[in-house]
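Written below as structure tokens is the structure these notes are about.
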Amino acid sequence: MRKTSIHVARIMGLLASALLVACGNSSSSKVVVSTPAPLPAPIETLQGQCTDKPWMLVSASPDARANSLLACMTADEKASLLGGDDAVGVLGQSATDPHTGTSLGVTRLGIPTVYFTDGPVGVRQGSATAMPAPVALAASFDAALAREYGAVLGNEAKFKGNDAILGPCVDIVRNPLAGRTFETYGEDPLLSRRIGVGWINGVQGEGVIANAKHFAGNNQEPNRNVLDAVIDARTLHEIYLPAYEGAVKDAKVGTVMCAYNSINGAFMCENKPLLSDVLRGEWGFTGYVLSDYPATHSTAPSLNAGLEFELPSTAFYSVQNINAAVASGSLKQTTVDQAVLRILRTHFAFGVFDRPRYKNDDAQIDKTGHAAVAQKVAERGMVLLKNSTSLLPLNALTTRSIALIGRDATIHKTAGSPSSGRVTAFSAVTPQQGFATRAPNITLTVDDGNIVARAASVAAAAEVAIVFVSSDEREFADRPCMSLMCSQPAYGDQDALVRAVAAANPRTVVVVISGSPVLMPWLTAVPAVIQGWYMGQQGGAALARLVFGDVNFSGKLPMTFWAADADTPTAGNIARYPGTPGSTVAGASFTATHSEGIFVGYRWADANNKTPQFPFGFGLSYTSFAYENLRVRASGATVTVRNTGQRAGRETAQLYMALPAPSAAVAQAPWALKGFESVELLPGESRDISFALDDRAFSYWDASSKGWKIAPGCYRLRAGDSSRDLRLAPTSLALGGGSCP
Ligand code: BGC
């Protein structure tokens, strides 16, 4: 309540100062006028100022400029800025209307039209650089690489004429079956936060507005539009919100997309507790909220809750609806003004008014440079899951023949069709092409794997067999189970294919192309497994370099790879997932209760003694690393990592903490990720890796005081190369007046 009134006071103050700026500078020679043509007859009392367009004074603050512009707008003009103007852009790929969304400007006032495009994997407009799936980026555990990834997308969005890009997707993987898992950064809030922040910085560094989506609790596809997700405040703050908080506080994201679902009784696009109290009140968000396509449910309640902009078009935010709501008293004109201000101040802050329109012209794009980033991310993101006989790396000089088996050996496998995660690549290197280019002297045989017996005999005839299996993932549907048979039935029994190939050739490597964990019932039968993710357009080249050891594996799993469907937090509990029919929320007919609380991913596995197929944070290398000498202070921890193998390699050291539970009702996960850093080490080289720790790292969300608290007690820390690496004994630290045994 107090925060709200402070906020209103601040707005009023800004309004007053903006008008001063507007009046004081009306004759300034610094005024930049975008259109020299005289304006029509002045409309308001600020006639002179309006004619001079004082909001074009670039030295004034975005808030001041937005306020001075607002003062010159008619009610209709204001309302017209609150909704999208292109209902079909979402279909994408149209030559005449290639953007995903459009907000028409107001010519009279020089307000520019603003264009939006999808999405988190690459620009969904014509052809673009097809990046590896975001989940592969997360596997790099590297925010600097995320920034490079974001910069590619921001740059291409810009050179395709867009002002904003609808990404990143920082939803947490609650359930590995979720169809959009590949678009995310995995199951851990700290990892998602850091990767998301890097990505947004990359995009916004290109002068393009990023969009953190889908706020919040957008955890499943089935019934998502009619689903009330029941999530307690602590779980929201500790698991589902930190990546959004980072987007707002650390990266100053320009826009946030409210999700389709409802949380705790209110649809996200009219969820005042989250849109106003948390997003703006707790975090100080100064951008604007736009709706998913279409996730708006109302006019006045949504505007009152904090949704500023409806996409893709104006089902609820039409000029007529807004004017009618104001006339009826259900919506105040000041609320409309505030929404307009937030949109305008964001566009001023991002320079939309001060630059020529971005031109939609692919010729401006550095395709070669961007392909190099796509390849780097693929190389850094693929995860070596198994290499038991040191089958890998293959020697490109001595290997004589390789059989490439499976349909995806000869294509660039993508996910996400037909929606925001789909990208049509500028060009692509298939695995077959990658191997042929890297090792032209090796005889490559190819078999699509459709006839298992034939594939086995092709495998038997080659020195090494590489078999590609894949899963098909997208918006609109979750996978029914984690087995490959569920993931992509059209490919037939891929598990049987792997078994047959492995039986025919003991030197078999499996490459899994998926955005989420798949079950590997053949794991003991094969010596080597690579989690390739959706590799992006340079995937074939990246894979070949990794397989031949030109570059070492360094990717780590950003989510638990479960051993069985029954092991996941939501398994066997339909009230959790997919939810049960019935809801107290008007418009929602399903309820999904997140009663597992904070126990998502490895937190669940650790607390319930589930042994994963591969744990969170896991990934092998062609070299080996030793961890020594963990030193812990309240402000941070340091561990020494040594390359004990024969090759140079990159290691991502991870710091996990066991927090004391303040009470039985506030259970803590056995271990939670609190830091990660990666380092390149030559053979024999060692380096100290430091992890900064702030108060938040030691805190839990206290629902009763609605704040972060440090429980008195003993905090144990350990460092290692995965969530299950217990090589180093934990080191303890007493805090908050507590003590350690
Ligand atoms: C998706 C968003 C996407 C939008 C526009 C929606 O269905 O949830 O992620 O940006 O469509 O394509």
Side-chain angles (χ1 to χ4, degrees), residues 83-94 97-103 114-126 128 131 133-135 150 153-154 157 160 162-173 178-185 192 196 199-200 203 208-227 229 243-244 247 253-263 267-269 288-297 307 309-313 315 414-424 473-478 515:
D85 295 291
D86 184 0
V88 294
V90 67
L91 301 175
Q93 306 300 65
S94 145
D97 176 19
H99 309 281
T100 309
T102 303
S103 172
V114 169
Y115 294 106
F116 303 79
T117 191
D118 275 319
V121 191
V123 177
R124 186 169 72 104
Q125 180 177 321
M131 300 296 284
V135 77
L153 269 65
K160 286 170 173 289
N162 298 285
D163 305 282
I165 184 164
L166 301 174
C169 171
V170 290
D171 294 319
I172 292 292
V173 177
R180 304 186 78 173
T181 299
F182 73 97
E183 292 185 57
T184 75
Y185 304 133
S192 300
W199 198 99
I200 293 165
V203 164
V208 168
I209 303 168
N211 174 252
K213 72 184 189 183
H214 313 79
F215 186 68
N218 184 72
N219 300 331
Q220 66 183 64
E221 296 306 291
N223 303 315
R224 65 178 183 177
N225 300 57
V226 289
L227 189 81
Y244 291 99
V253 72
T255 63
V256 168
M257 179 187 283
C258 52
Y260 290 116
N261 55 283
S262 149
I263 288 188
F267 276 104
M268 274 313 305
C269 291
Y288 64 94
V289 176
L290 52 84
S291 71
D292 205 342
Y293 280 59
T296 310
H297 289 260
L307 167 63
F309 186 65
E310 180 186 13
L311 275 167
S313 55
T414 56
S417 185
S419 59
S420 64
R422 182 197 63 193
V423 181
T424 306
E473 298 166 31
R474 54 166 52 93
E475 187 181 346
F476 304 121
D478 288 356

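Just so you know, these numbers use all the heavy atoms, side chains as well, and skip hydrogens, waters and symmetry mates. Indexing begins at 1, ligand by ligand and atom by atom, following the structure's order.
- Close contacts between ligand 1 and T100 involve ligand atoms 5 (C), 12 (O) [criterion: under 4.0 Å to a heavy atom].
- Close contacts between ligand 1 and V90 involve ligand atoms 5 (C), 12 (O) [criterion: under 4.0 Å to a heavy atom].
- Among protein heavy atoms, the minimum distance from atom 3 (C) of ligand 1 is reached at D118 OD1, 3.5 Å.
- Rounding to the nearest 0.5 Å places CG of D292 at 7.0 Å from SG of C269.
- Without hydrogens or angle criteria, T255 side chain to A210 main chain gives a donor-acceptor distance under 3.5 Å.
- Listed by number with element, the atoms of ligand 1 under 4.0 Å from a non-hydrogen atom of M257 are 10 (O).
- Less than 4.0 angstrom separates some heavy atom of K213 from each of these atoms of ligand 1: 2 (C), 3 (C), 9 (O), 10 (O).
- Closest of all the heavy-atom pairs between V121 and E183 is CG2-CG, 4.5 Å.
- Residues H99 and N162 bring a donor and an acceptor atom of their side chains to less than 3.5 Å of each other.
- Under a 4.0 angstrom heavy-atom cut-off, R224 registers as being in contact with ligand 1.
- The closest side-chain donor-acceptor pair between R180 and S419, if any, does not fall under 3.5 angstrom.
- Side-chain polar atoms of N211 and Y288 form no donor-acceptor pair below 3.5 angstrom.
- A distance below 6.0 Å separates the ring centres of F116 and F309.
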Please walk me through it: do K213 and D118 pass salt bridge (charged side-chain N to carboxylate O under 4.0 Å, His left out)?
CA-CA 11 Å; K213 72 184 189 183; D118 275 319; 3.6 Å; yes
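- Close approach of ligand 1 to R124 (heavy-atom distance below 4.0 Å) involves ligand atoms 12 (O).
- Residue L166 has at least one heavy-atom neighbour below 4.0 Å for each of these atoms of ligand 1: 10 (O).
- Not a single heavy atom of E183 sits less than 4.0 Å from an atom of ligand 1.
- Looking at E221 against ligand 1, nothing comes within 4.0 Å, counting heavy atoms.
- For ligand 1, the polar-atom distance check finds an N/O of R180 within less than 3.5 Å of one of the ligand's N/O atoms.
- To the nearest 0.5 Å, the span separating CG on N219 from CG on L227 amounts to 9.0 Å.
- Of the candidates D292, L311, T117, I165, it is D292 that places a heavy atom closest to atom 6 (C) of ligand 1.
- Under a 4.0 Å criterion applied to the non-hydrogen atoms of H214, ligand 1 contributes the atoms 2 (C), 8 (O), 9 (O).
- Ligand-side atoms of ligand 1 in range of E475: 1 (C), 6 (C), 7 (O), 8 (O), range being under 4.0 angstrom from any heavy atom.
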